[in-house]
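Here is the structure we will look at.
Lettering of chains follows the sequences in order, A, B, ..., and the numbering in each one begins at 1. Since the structure is predicted, the reported quantities are computational estimates derived from the model, not experimental observations.
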Amino acid sequence: MTTTTRFAPSPTGLLHIGGVRTALFSWLYARRHGGKFILRIEDTDLERSTPEAVRVILEGMEWLGLAHDEGPHYQTQRFGRYKEVLAQMLAAGTVYHCYCSKDELDAMRGAQQAQKLKPRYDGRCRHGRGPGAESGRAPVVRFKNPEEGATVVRDVVHGDVVFQNSELDDLIIARSDGTPTYNFCVVVDDADMGVTHVIRGDDHLNNTPRQLNMLLALGHEPPVYAHVPMILGPDGAKLSKRHGAVSVLQYQEEGYLPDALLNYLVRLGWSHGDQEIFSRDEMVKLFDIKDVNKAASAFNPDKLLWLNQQHMMRAEPVTIVPHLRWQLVHLGIEAADDGVLEAIIIAQRERAKTLKEMAENSRFFFGEGVTLDDKAAQKHLTAESRQALQQLASRLRMLPEWTAASIHELVQAVAAELTLSLGKLAQPLRVAVTGGTVSPPIDQTLAILGRERTMNRLLAVLG
RNA sequence: GCUCCCUUCGUCUAGAGGCCUAGGACAUAGCCCUCUCAAGGCUGUAACACGGGUUCGAAUCCCGUAGGGAGCGCCA
């Protein structure tokens, strides 16, 4: 049987990094074992599912490069299949109709809670003590959970987890309007789709014994379960909109590389010795769901930032070009040639943590003129430094070859001739051509800028 | 309330009874390098939740306690 995993988000909220990490684990596991990765949209909650959320899932997965081999399946398109299985179970007697009204159920729960008991359905319709068909109500369908014994979930990350069946009640698998519910759809889908490994958040661990019992009732072999810990916000509290629980696409906007985000996420709950930086291939080769930790982990934006820069510095510059262009376009800078972009990436990658920052720091490479920062100009463009710049400008004009190496040599030579420290010459030059005090090394900066633009900007300052 | 899960530096983690004077990384502090900003290098601060066992020996095994989380829906 080919290893088959699935990612089954529900489009009731925007896909965030918590979901992305379970998707990543599932994807990695399938890839590592040469298996199949399925994407399934669990949209049976007609009330709360939104097309926008579906779009974010699809676009987010695409941006991250977590390609699925099958799907996306939509549960709303499988209602026919659920009905079929339901009929089968009704015939087999493993499920039953329940005519209890919501009010009755509420009252039951209220009474149980008053007695400090766990609220659960008492099975009155199962044992003929309920209202029955004569109530005229449309019934729900409940699953006959075993009333005795225990159900053991064999979980690769948690080990065996034992649940007493007496703790489990008869859950509703079809609403009174006939639509199936989550726990039932999951069971049918996972079985139909041949899912061999169910990797999901550990908030589902408590649902698992019920699903397991249904699976058994349907005569299926249970899959391997792996309940992975949750991701918490930086403050250790549940992930919220304030930090982390934003659409995954926001990370694209903020200038993160997909591989960096994935690398960050894979290290939450998983490690390989002391290694911090992993390429996509390394993740596929080294990741194993068995090595995932049990404890939840807090999201640390600083480390993500650091990793993003590490990935920018290590990646082949050409591969970054489209990402940087994307950011520049957002800043309204369109005219950028691939070669120039590549040079900018090489010059800027160790001074920017994100692509967005890189783009913002690189504005001065584009356009003709530049606006001088007042404070910088006042400090560095003094009468004395203008003199030096004047000298330098005429020498730059004559420089036979416009390369970083030759510019470097010339700037140094001029500084020596004028008995100025390099800083006394380079910094005014920097202010003149970039408008500010921060840029890549001045030789590289001029090389990228080109002779014409450099001379124009110098002239504008020296006037 | 009941059931289930979890617990090593601020954070992510290494650690499967002696290799632990608890290692690495982010963050943080100092120093070095230096044309700015960075990147990089070096050094420092900083953790086994608590209490009992088991054992010659426990961060590692067992039992409690405390704290945190999840589930208990005609939500997924």
Side-chain angles (χ1 to χ4, degrees), chain A residues 8-13 42-45 47-49 75 98 100-102 105-106 109 112-121 138-142 153 155 158 161-164 166-169 171-177 179 181-183 185-186 201-209 227 229-230 232 234 236-238 264 267-277 293-307 309 313 348-353 361 376 380 408 411-412 415 421-431 434 436-443 445:
Chain A
S10 76
T12 51
E42 311 223 319
D43 54 354
T44 52
D45 185 346
E47 313 262 293
R48 297 192 300 153
S49 295
Q75 289 187 323
C98 166
C100 295
S101 69
K102 287 185 190 183
L105 295 175
D106 285 346
R109 274 191 281 268
Q112 286 161 335
Q113 268 162 347
Q115 291 174 67
K116 299 193 188 291
L117 292 172
K118 179 176 185 168
R120 54 198 292 285
Y121 183 63
V140 298
V141 177
R142 287 185 186 270
V153 177
D155 189 284
H158 290 275
V161 183
V162 183
F163 294 86
Q164 293 305 314
S166 56
E167 290 292 332
L168 276 22
D169 62 356
L171 73 163
I172 292 172
I173 65 171
R175 304 179 180 95
S176 48
D177 65 2
T179 57
T181 63
Y182 166 75
N183 278 295
C185 297
V186 170
D202 65 11
D203 50 339
H204 289 280
L205 185 54
N206 286 300
N207 287 325
T208 309
H227 287 94
M230 319 242 61
L232 275 21
K238 200 170 159 184
Y264 176 72
R267 283 284 289 99
L268 250 34
W270 176 83
S271 64
H272 181 256
D274 285 339
Q275 188 171 344
E276 295 288 352
I277 297 166
N293 285 161
K294 303 172 187 197
S297 38
F299 175 69
N300 181 347
D302 282 333
K303 190 156 183 182
L304 206 211
L305 243 16
W306 174 77
L307 259 177
Q309 180 166 35
M313 291 194 296
Q348 294 282 44
R349 59 187 172 181
E350 55 203 34
R351 33 187 66 75
K353 300 235 181 251
N361 293 347
H380 296 284
H408 182 77
V411 174
Q412 253 179 343
S421 68
L422 192 52
K424 286 274 188 241
L425 185 59
Q427 203 55 359
L429 175 58
R430 172 171 284 116
V431 173
T434 72
T437 55
V438 176
S439 89
I442 199 65
D443 47 359
T445 302

Quiz item: Distance check: side-chain N/O of A:Ser439 vs OP1/OP2 of B:rU36, anything under 4.0 Å?
Solution: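 So the side-chain polar atoms of A:Ser439 never come under 4.0 Å of the phosphate oxygens OP1 or OP2 of B:rU36.
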Quiz item: Closer than 4.0 Å, any side-chain N/O of A:Ser297 to the OP1 or OP2 of B:rU11?
Solution: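 Looking at the OP1 and OP2 atoms of B:rU11, neither is under 4.0 Å from any side-chain N or O of A:Ser297.
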Quiz prompt | B:rC72 base / A:Arg120 side chain donor-acceptor hit below 3.5 Å | solution =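 No, no donor-acceptor pair under 3.5 Å.
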Starting at [atom1] of [X] and ending at [atom2] of [N], how long is that distance when rounded to a whole Å?
{"X": "A:His408", "N": "B:rU34", "atom1": "NE2", "atom2": "C1'", "result": "12 Å"}
{"X": "A:Asn293", "N": "B:rA14", "atom1": "CG", "atom2": "P", "result": "5 Å"}
{"X": "A:Lys294", "N": "B:rU13", "atom1": "NZ", "atom2": "C1'", "result": "16 Å"}
{"X": "A:Ile172", "N": "B:rC74", "atom1": "CD1", "atom2": "C1'", "result": "5 Å"}
{"X": "A:Gln112", "N": "B:rG73", "atom1": "CD", "atom2": "C1'", "result": "13 Å"}
{"X": "A:His158", "N": "B:rC6", "atom1": "NE2", "atom2": "P", "result": "6 Å"}
{"X": "A:Gln113", "N": "B:rG73", "atom1": "CD", "atom2": "C1'", "result": "12 Å"}
{"X": "A:Asp443", "N": "B:rU36", "atom1": "CG", "atom2": "C1'", "result": "12 Å"}

[N] and [M]: how far apart are their [atom1] atoms, nearest whole angstrom?
{"N": "B:rA25", "M": "B:rU8", "atom1": "C1'", "result": "15 Å"}
{"N": "B:rC6", "M": "B:rA49", "atom1": "P", "result": "15 Å"}
{"N": "B:rU13", "M": "B:rC48", "atom1": "C1'", "result": "13 Å"}
{"N": "B:rA58", "M": "B:rC20", "atom1": "C1'", "result": "11 Å"}
{"N": "B:rC50", "M": "B:rG10", "atom1": "P", "result": "13 Å"}
{"N": "B:rA29", "M": "B:rU7", "atom1": "C1'", "result": "29 Å"}
{"N": "B:rA16", "M": "B:rU34", "atom1": "P", "result": "43 Å"}
{"N": "B:rU54", "M": "B:rG17", "atom1": "C1'", "result": "11 Å"}

Who pairs with [X] by side chain to side chain contact (heavy atoms under 4.5 Å, CB included), at least two apart in sequence or on another chain?
{"X": "A:Ser101", "value": "A:Asp103, A:Glu104, A:Arg137"}
{"X": "A:Pro11", "value": "A:Ile41, A:Asp43, A:Ser49, A:Ala53, A:Val54, A:Ile57"}
{"X": "A:Ala296", "value": "A:Leu232"}

Just call it for [X]: base, sugar-phosphate, or nothing, with non-hydrogen atoms closer than 4.0 Å on any strand.
{"X": "A:Val140", "answer": "base"}
{"X": "A:Tyr264", "answer": "nothing"}
{"X": "A:Asn361", "answer": "nothing"}
{"X": "A:Val162", "answer": "sugar-phosphate"}
{"X": "A:Ser271", "answer": "sugar-phosphate"}
{"X": "A:Pro229", "answer": "nothing"}
{"X": "A:Thr44", "answer": "sugar-phosphate"}
{"X": "A:Gln275", "answer": "nothing"}
{"X": "A:Arg109", "answer": "sugar-phosphate"}
{"X": "A:Ile442", "answer": "base"}

Self-check item: Stepwise side-chain contact (heavy atoms from CB on, under 4.5 Å) check, A:Arg351 with A:Asn361
Solution: CA-CA 9 Å; A:Arg351 33 187 66 75; A:Asn361 293 347; 5.6 Å; no
Exercise. Decide whether A:Gln112 and A:Arg109 meet the rule of one side-chain donor and one side-chain acceptor closer than 3.5 Å.
Key: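 Not at all, the side chains of A:Gln112 and A:Arg109 share no donor-acceptor pair under 3.5 Å.
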Who is the Watson-Crick or G-U wobble partner of [N], with both distances under 3.5 Å?
{"N": "B:rU55", "answer": "none"}
{"N": "B:rC33", "answer": "none"}
{"N": "B:rG44", "answer": "B:rU28"}
{"N": "B:rA39", "answer": "none"}

Exercise. Specify the closest pair of heavy atoms between A:Leu105 and A:Cys100, including all atoms of both residues, with the distance to one decimal.
Key: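 It is CD2-CB, 3.9 Å.
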Table of protein N/O atoms under 3.5 Å from nucleotides 68-71 of chain B N/O atoms:
unit_1 : atom_1 : unit_2   : atom_2 : d
B:rA70 : O2'    : A:Asp203 : O      : 3.3
B:rA70 : N3     : A:Asn206 : ND2    : 3.2
B:rG71 : O4'    : A:Asn206 : ND2    : 3.3

Quiz item: Using the ring of each side chain (for Trp, its six-membered ring), is A:Phe299 parallel, tilted or perpendicular to A:Tyr264, with breaks at 30° and 60°?
Solution: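 Ring orientation of A:Phe299 relative to A:Tyr264: perpendicular.
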Self-check item: Which residues share a ring-ring contact (aromatic ring centres under 6.0 Å, His included) with A:Tyr121, sequence neighbours left out
Solution: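 Partners of A:Tyr121 by the ring-ring contact (aromatic ring centres under 6.0 Å, His included) criterion come out as none, since no residue qualifies.
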Practice problem: Identify, with sequence neighbours excluded, every residue that meets ring-ring contact (aromatic ring centres under 6.0 Å, His included) alongside A:His408. | Solution: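 So A:His408 forms no ring-ring contact (aromatic ring centres under 6.0 Å, His included) with any residue.
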Quiz prompt | Minimum-distance nucleotide to A:Gln75 side chain [options: B:rA76, B:rC74, B:rG1] | solution =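 The closest nucleotide is B:rA76.
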Quiz item: Of all residues at least two apart in sequence or in a different chain, which pass the salt bridge (charged side-chain N to carboxylate O under 4.0 Å, His left out) check with A:Asp45?
Solution: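 Here the qualifying residues are A:Arg48.
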Exercise. Apply side chain to side chain donor-acceptor pair (under 3.5 Å) to A:Arg349 and list each qualifying residue two or more places apart in sequence or on a separate chain.
Key: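 With sequence neighbours excluded, A:Arg349 shows a side chain to side chain donor-acceptor pair (under 3.5 Å) to no residue whatsoever.
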Self-check item: Rounded distance (nearest 0.5 Å) linking atom CG of A:Asn207 with atom CG of A:Leu205
Solution: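 Rounded to the nearest 0.5 Å, the CG-CG separation comes to 9.0 Å.
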Quiz item: Can you tell me how far CD of A:Glu42 sits from OG1 of A:Thr12, rounded to the nearest 0.5 angstrom?
Solution: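 With rounding to 0.5 Å, OG1 (A:Thr12) is 10.5 Å from CD (A:Glu42).
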Quiz item: Given A:Arg430 and A:His380, is the side-chain contact (heavy atoms from CB on, under 4.5 Å) satisfied, shown in steps?
Solution: CA-CA 9 Å; A:Arg430 172 171 284 116; A:His380 296 284; over 6 Å; no
Check nucleotides 43-49 of chain B against the protein and report each pair of N or O atoms closer than 3.5 Å, with its distance, or say if there are none.
none

Protein N or O to nucleotides 65-67 of chain B N or O, pairs below 3.5 Å:
none

Protein-nucleotides 24-27 of chain B N/O pairs under 3.5 Å:
unit_1 : atom_1 : unit_2   : atom_2 : d
B:rG24 : N2     : A:Glu276 : OE2    : 3.0
B:rA25 : O4'    : A:Glu276 : OE2    : 3.2
B:rC26 : OP1    : A:Trp306 : NE1    : 3.4
B:rC26 : O2'    : A:Lys303 : N      : 3.2

Review item, nucleotides 60-64 of chain B N/O atoms under 3.5 Å of protein N/O:
none

